Amino acid sequence: TFNKLASILCKNGGVQDSERLLNKVLKRGVLPNLFTFNILIRGLCRKGLLDEATRMLDCVTKEGLTPDLVTFNTLIAGLCKNSKASEAEQYLHKMVNSGFEPDSFTYNTIIDGYCKIGLVENADKILNHAVFKGFVPDKFTYCSLIYGLCEAGDTDRAMDVLNEACKKGIQLSVILFNTLIRGLSQNGRIMDALQLMNEMQEKGCIPDIWTYNLILNGLCKMGCVSDAKTVMNDAISKGILPD
RNA sequence: GCUGCAGUUUAUUU
């Protein structure tokens with residue numbers, strides 16, 4: 001019960017509330033387990049308290065518990081969300097040295113972390129290493145790569161990556177298309193973005209409110225407000241209401 | 001003690 005409450009408190013942005021609750025509960029003799037620490041690590045990272053979060057890892061050991069894969073993944077994700085992908089990579093090495101096998105969460109998180117800070121090359125390096133270890137790229141991996149390539153202005157390669165994902169049997173999703181649509185429109189390729197919005201339907205992916213918002217944003221930024229209106233009416237006629 | 005279950009980690013818009 002406490003763990004569930006702590007998780008909710010942390011997600012609402014209040015690690016301190018969680019810690020207060022933890023103290024109360026400790027006084028009643030309820031002992032935290034590894035889940036508790038994992039939740040707190042996530043909460044601390046969300047607040048940007050990375051040093052506290054990494055210290056939590058030591059706390060775990062002091063409490064006689066052993067960090068598990070989720071503990072490492074949580075910390076790695078927290079570091080990545082705070083633009084610290086290379087620090088996160090250090091923990092990848094630490095966990096391997098501690099005898100843990102990184103899983104798809106681990107690899108995808110670090111790959112995403114590097115893509116988000118514009119270091120697609122580093123992401124690629126991790127990916128190649130991961131594939132060598134038997135990792136199979138999934139929709140998360142491809143999404144991050146597409147995002148990263150687009151941010152780097154390499155929309156052509158981003159499109160190649162989507163095609164590659166398709167060829168490898170990845171079930172293409174609205175999210176993957178949205179990611180590429182965003183990249184195309186942010187790189188001035190609004191026509192290609194519109195075309196992709198049409199193509200995605202042939203592949204069974206129905207544009208959602210995110211898709212339309214991306215397209216509308218792209219059109220408006222290019223000054224094509226009347227085209228944006230047309231698209232918006234199209235969305236409304238399909239039952240997708242502006243939010 | 002055993003069995004089951006539950007709670008924690010990764011991708012897209014403004």
Side-chain angles (χ1 to χ4, degrees), chain A residues 1-11 15 18 22 25 30 32-46 53 56-57 60 65 67-81 85 88 91-92 95 100 102-116 123 126-127 130 135 137-151 158 161-162 165 170-186 193 196-197 200 205 207-221 228 231-232 235 240 242-243:
Chain A
T1 306
F2 165 71
N3 281 343
K4 182 68 184 165
L5 286 172
S7 176
I8 292 167
L9 287 175
C10 283
K11 279 174 187 165
V15 232
S18 259
L22 174 60
V25 145
V30 178
N33 64 11
L34 192 55
F35 276 58
T36 319
F37 284 103
N38 292 347
I39 290 163
L40 291 176
I41 287 171
R42 183 180 203 269
L44 289 167
C45 288
R46 280 177 71 100
M56 267 292 162
L57 196 61
V60 171
L65 300 166
D68 68 358
L69 186 56
V70 175
T71 312
F72 279 104
N73 285 348
T74 304
L75 184 57
I76 285 170
L79 290 167
C80 286
K81 288 224 175 73
Y91 280 95
L92 169 68
M95 67 188 280
F100 288 100
D103 67 359
S104 61
F105 280 71
T106 323
Y107 290 126
N108 282 336
T109 303
I110 296 178
I111 288 168
D112 188 64
Y114 274 128
C115 286
K116 286 275 165 31
I126 298 286
L127 177 58
F135 168 69
D138 60 14
K139 58 186 175 180
F140 293 94
T141 324
Y142 286 109
C143 187
S144 298
L145 291 175
I146 290 168
Y147 187 99
L149 287 167
C150 287
E151 287 296 285
V161 168
L162 185 68
I170 300 288
Q171 179 73 43
L172 296 189
S173 68
V174 180
I175 292 183
L176 285 170
F177 282 106
N178 286 349
T179 306
L180 185 50
I181 284 170
R182 172 188 183 274
L184 289 169
S185 100
Q186 293 210 336
L196 192 61
M197 182 167 69
M200 66 191 279
C205 293
D208 63 7
I209 186 66
W210 288 53
T211 319
Y212 282 103
N213 284 342
L214 287 165
I215 294 285
L216 290 177
N217 196 251
L219 285 169
C220 288
K221 289 221 168 111
V231 170
M232 193 170 106
I240 293 166
D243 61 4

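Chain identifiers are assigned alphabetically (A, B, ...) following the order of the sequence lines, protein sequences preceding nucleic acid strands; residue numbering begins at 1 within each chain. Given the structure is predicted, the values throughout are model-derived calculations rather than measurements.
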Inset, instruction - Might you point out which heavy atoms bring A85(A) and C80(A) nearest each other, and give the distance in Å? - result: CA-SG, 4.2 Å
Legend entry - Proximal nucleotide (of rU10(B), rU8(B), rU14(B)) relative to the F140(A) side chain: rU10(B)
Inset, instruction - Please report, rounded to the nearest Å, how far the P atom of rU13(B) is from the CE atom of M232(A). - result: 21 Å
Inset, instruction - Report yes if at least one side-chain N or O of K221(A) is closer than 4.0 Å to OP1 or OP2 of rU14(B); otherwise report no. - result: no
Inset, instruction - Side chain of K81(A) only, please: which of rU12(B), rU10(B), rU8(B) is the nearest? - result: rU10(B)
Legend entry - rU13(B) OP1/OP2 closer than 4.0 Å to side-chain N/O of R182(A): yes
Legend entry - Euclidean distance, T211(A) OG1 relative to F177(A) CZ, rounded to 0.5 Å: 10.0 Å
Legend entry - Which nucleotide in rU10(B), rU13(B), rU8(B) has an atom nearest any side-chain atom of Y147(A): rU13(B)
Inset, instruction - Answer yes or no as to whether rA11(B) has its base stacked against Y142(A), where stacking requires a ring-centre separation under 5.5 angstrom and planes under 30 degrees apart. - result: no
Inset, instruction - Looking only at side-chain atoms of F35(A), point me to the closest of rU12(B), rG7(B), rU9(B). - result: rG7(B)
Legend entry - Interatomic distance where CG belongs to L172(A) and P belongs to rA11(B) [whole Å]: 19 Å
Inset, instruction - With N38(A) as reference, evaluate N73(A), T71(A), T74(A) under the side-chain hydrogen bond (donor to acceptor under 3.5 Å, both in side chains) test and give the passing residue. - result: T71(A)
Legend entry - Spacing of D243(A) atom CG relative to rU12(B) atom C1', expressed in whole Å: 14 Å
Legend entry - Whether over 12 other heavy atoms sit under 6.0 Å from K139(A) NZ: no
Inset, instruction - Pick base, sugar-phosphate or nothing for Y212(A), based on heavy-atom distances below 4.0 Å to the nucleic acid. - result: nothing
Inset, instruction - Take atom CE of M95(A) and atom P of rU9(B), then tell me their distance rounded to the nearest Å. - result: 16 Å
Inset, instruction - Name the closest nucleotide to the L214(A) side chain, picking from rU14(B), rU12(B), rA11(B). - result: rU12(B)
Inset, instruction - Just call it for D138(A): base, sugar-phosphate, or nothing, with non-hydrogen atoms closer than 4.0 Å on any strand. - result: nothing
Inset, instruction - Identify which nucleotide among rU9(B), rG7(B), rA11(B) has an atom closest to any side-chain atom of N73(A), counting heavy atoms from C-beta outward. - result: rU9(B)
Inset, instruction - Could you please name the option among rU10(B), rA11(B), rU13(B) that lies closest to any side-chain atom of S173(A)? - result: rA11(B)
Legend entry - Length of the CG-P vector between L149(A) and rU12(B), whole Å: 15 Å
Legend entry - Atom-pair distance (CD1 on I110(A); P on rU10(B)), nearest Å: 13 Å
Inset, instruction - Identify which nucleotide among rU12(B), rG7(B), rU14(B) has an atom closest to any side-chain atom of C143(A), counting heavy atoms from C-beta outward. - result: rU12(B)
Inset, instruction - Using only side-chain N and O atoms of R42(A), determine if any of them is under 4.0 Å from OP1 or OP2 of rG7(B). - result: no
Legend entry - Minimum-distance pair of heavy atoms, taken over all atoms of F72(A) and P67(A): CE1-CB, 4.1 Å
Legend entry - Of the listed nucleotides rU12(B), rA11(B), rU9(B), the one nearest the side chain of V70(A): rU9(B)
Inset, instruction - Would you check, one step at a time, whether the test side chain to side chain donor-acceptor pair (under 3.5 Å) holds for D112(A) with T109(A)? - result: CA-CA 5 Å; D112(A) 188 64; T109(A) 303; over 6 Å; no
Inset, instruction - Could you state the atom-to-atom distance from CD1 of I41(A) to P of rG7(B) in whole Å? - result: 19 Å
Legend entry - Out of rU13(B), rU8(B), rA11(B), whichever nucleotide has its closest atom nearest the side chain of N38(A): rU8(B)
Legend entry - Atom pair distance, as rounded to whole Å: CD1 in I215(A) and P in rU14(B): 13 Å
